[in-house]
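Please read the structure below before turning to the comments.
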Amino acid sequence: MNIGIFGGSFNPIHSGHLAIARAALEQCRLDEVWLMVSPQNPLKQQSELLDDSLRFEMAQKALEGINRVIACDYEFYLPKPSYTWNTLQNLSKDYPDHRFSLLIGGDNWAHFERWRHWKDILRNYDVVVYPRDNYHGTIDVPLIPVSSTEIRQKVGAGESIKGMVPDSIVPLVEKYYK
């Protein structure tokens with residue numbers, strides 16, 4: 001199987017994430033996209049994150065009924081902080097019959113040389129870049145102007161987030177981010 005690994009904090013998962021996963025499935029001939037809920041991004045402050053299990057729960061619920069896109073907690077069981085190279089190496093060892101491609105935003109691609117073992121990633125895995133924050137990508141994704149930060153701010157201000165996240169998780173997002 002050809003699997004796209006779409007890592008992130010998903011704090012919370014939103015409609016833009018789903019659009020990226022769907023576009024990658026179609027345009028990259030992937031069998032599945034695994035949304036890899038990251039327990040700790042080395043480039044982000046841990047205090048900004050909702051508990052791992054709650055973010056994973058929301059991702060699972062958001063993906064109900066969406067074929068071939070799967071919430072994945074694989075990184076929860078790896079040493080922290082969570083480095084992409086370590087994750088890809090462990091996945092390749094645990095799933096030797098799968099081929100993995102890395103999905104990242106254009107903003108991350110612009111600074112990819114900061115990533116640990118970035119040259120090894122490029123030598124061993126396909127990298128699919130999606131457009132983000134005025135950075136271009138290698139796949140086309142319908143622009144969905146939404147961010148997890150904006151969602152958290154709206155919830156904190158008591159504003160509606162309808163359309164920004166799947167309807168199935170609106171109550172959870174409102175509960176967890178109040």
Side-chain angles (χ1 to χ4, degrees), residues 1-44 46 49 52-133 135-142 144 147-148 166:
M1 289 184 71
N2 189 11
I3 309 296
I5 300 300
F6 182 11
S9 57
F10 302 106
N11 190 38
I13 189 170
H14 57 66
S15 301
H17 295 132
L18 303 183
I20 292 163
R22 287 183 176 121
L25 277 172
E26 292 173 18
Q27 296 173 42
C28 301
R29 295 190 173 105
L30 300 173
D31 296 303
E32 294 178 345
V33 170
W34 294 358
L35 266 70
M36 187 73 59
V37 180
S38 179
Q40 181 182 348
N41 178 331
L43 302 176
K44 288 189 178 181
Q46 184 68 23
L49 294 179
D52 298 346
S53 63
L54 299 178
R55 289 182 292 115
F56 180 64
E57 172 192 357
M58 283 188 292
Q60 284 183 302
K61 186 144 187 75
L63 297 174
E64 287 176 357
I66 299 176
N67 293 330
R68 301 174 24 220
V69 182
I70 298 154
C72 186
D73 63 354
Y74 186 86
E75 283 189 339
F76 291 7
Y77 307 100
L78 296 177
K80 289 155 186 74
S82 178
Y83 292 104
T84 301
W85 172 248
N86 296 346
T87 299
L88 291 169
Q89 288 293 282
N90 279 284
L91 284 167
S92 295
K93 183 180 69 164
D94 289 346
Y95 299 94
D97 295 335
H98 291 11
R99 187 170 141 238
F100 295 98
S101 299
L102 178 64
L103 288 89
I104 65 170
D107 55 335
N108 280 317
W109 179 248
H111 306 288
F112 196 67
E113 71 280 353
R114 288 190 199 163
W115 289 33
R116 185 171 283 200
H117 293 279
W118 67 275
K119 289 179 182 176
D120 294 321
I121 294 171
L122 292 176
R123 272 193 289 271
N124 293 282
Y125 300 94
D126 290 335
V127 177
V128 175
V129 182
Y130 57 87
R132 179 154 186 231
D133 296 340
Y135 290 94
H136 298 287
T138 57
I139 62 171
D140 292 322
V141 179
I144 298 179
S147 75
S148 296

Determine whether Y95 and Y74 make a side-chain contact, defined as any pair of heavy atoms from C-beta on separated by less than 4.5 Å.
yes
Side chain to side chain contact (heavy atoms under 4.5 Å, CB included) test vs M36 passes for just one of L91, I70, T84, namely L91
For P12, is there any backbone N or O sitting under 3.5 Å from a side-chain donor or acceptor partner on S148?
yes
So do R116 and W85 actually touch side chain to side chain, heavy atoms under 4.5 Å?
no
Test side chain to side chain contact (heavy atoms under 4.5 Å, CB included) applied to L78 and N86, step by step
CA-CA 8 Å; L78 296 177; N86 296 346; 5.5 Å; no
Take F56 and F76, measure what side chain to side chain contact (heavy atoms under 4.5 Å, CB included) needs, and give me the verdict at the end.
CA-CA 10 Å; F56 180 64; F76 291 7; 4.0 Å; yes
State, with a plain yes or no, whether a side-chain heavy atom of I5 is found less than 4.5 Å away from one of S101.
no
Side chain to side chain contact (heavy atoms under 4.5 Å, CB included) assessment of L88 paired with N124
CA-CA 9 Å; L88 291 169; N124 293 282; over 6 Å; no
Could you tell me how the ring of F100 sits relative to the ring of H98: parallel (under 30°), tilted (30 to 60°) or perpendicular (over 60°)?
tilted
Show, in sequence, the C-alpha distance, side-chain angles and deciding distance for F6 and Y130, and conclude whether the side chain to side chain contact (heavy atoms under 4.5 Å, CB included) test is met.
CA-CA 11 Å; F6 182 11; Y130 57 87; 3.4 Å; yes
Donor-acceptor pairs under 3.5 Å, side chain of residues 17-28 to any protein atom, not counting sequence neighbours: which ones?
from : atom 1 : to   : atom 2 : distance (Å)
H17  : ND1    : H14  : N      : 2.9
H17  : NE2    : H14  : NE2    : 3.4
Q27  : OE1    : D140 : N      : 2.8
Q27  : NE2    : D140 : O      : 2.6

How far does OG of S38 sit from CG of D73, to the nearest 0.5 angstrom?
12.0 Å
Please confirm whether R55 makes a cation-pi placement over F10, using NZ or CZ under 6.0 Å from the six-membered ring centre and within 45° of the ring normal.
no
Just wondering, do I121 and F112 contact through their side chains at under 4.5 Å, heavy atoms?
yes
For the residue pair H111 and Y135, categorise the inter-ring angle as parallel (less than 30°), tilted (30 to 60°) or perpendicular (more than 60°).
perpendicular
Pairs in or reaching into residues 56-71: which pass side chain to side chain donor-acceptor pair (under 3.5 Å), with residues at least two apart or in two chains?
E57-Y176
Taking the side chain as every heavy atom from C-beta outward, state whether L102 and V128 have any pair of such atoms under 4.5 Å apart.
no
Less than 4.5 Å apart, any side-chain heavy atom of I3 and any of L30?
no
Spell out, as yes or no, whether a donor-acceptor pair under 3.5 Å connects the side chain of T138 to the backbone of V129.
yes
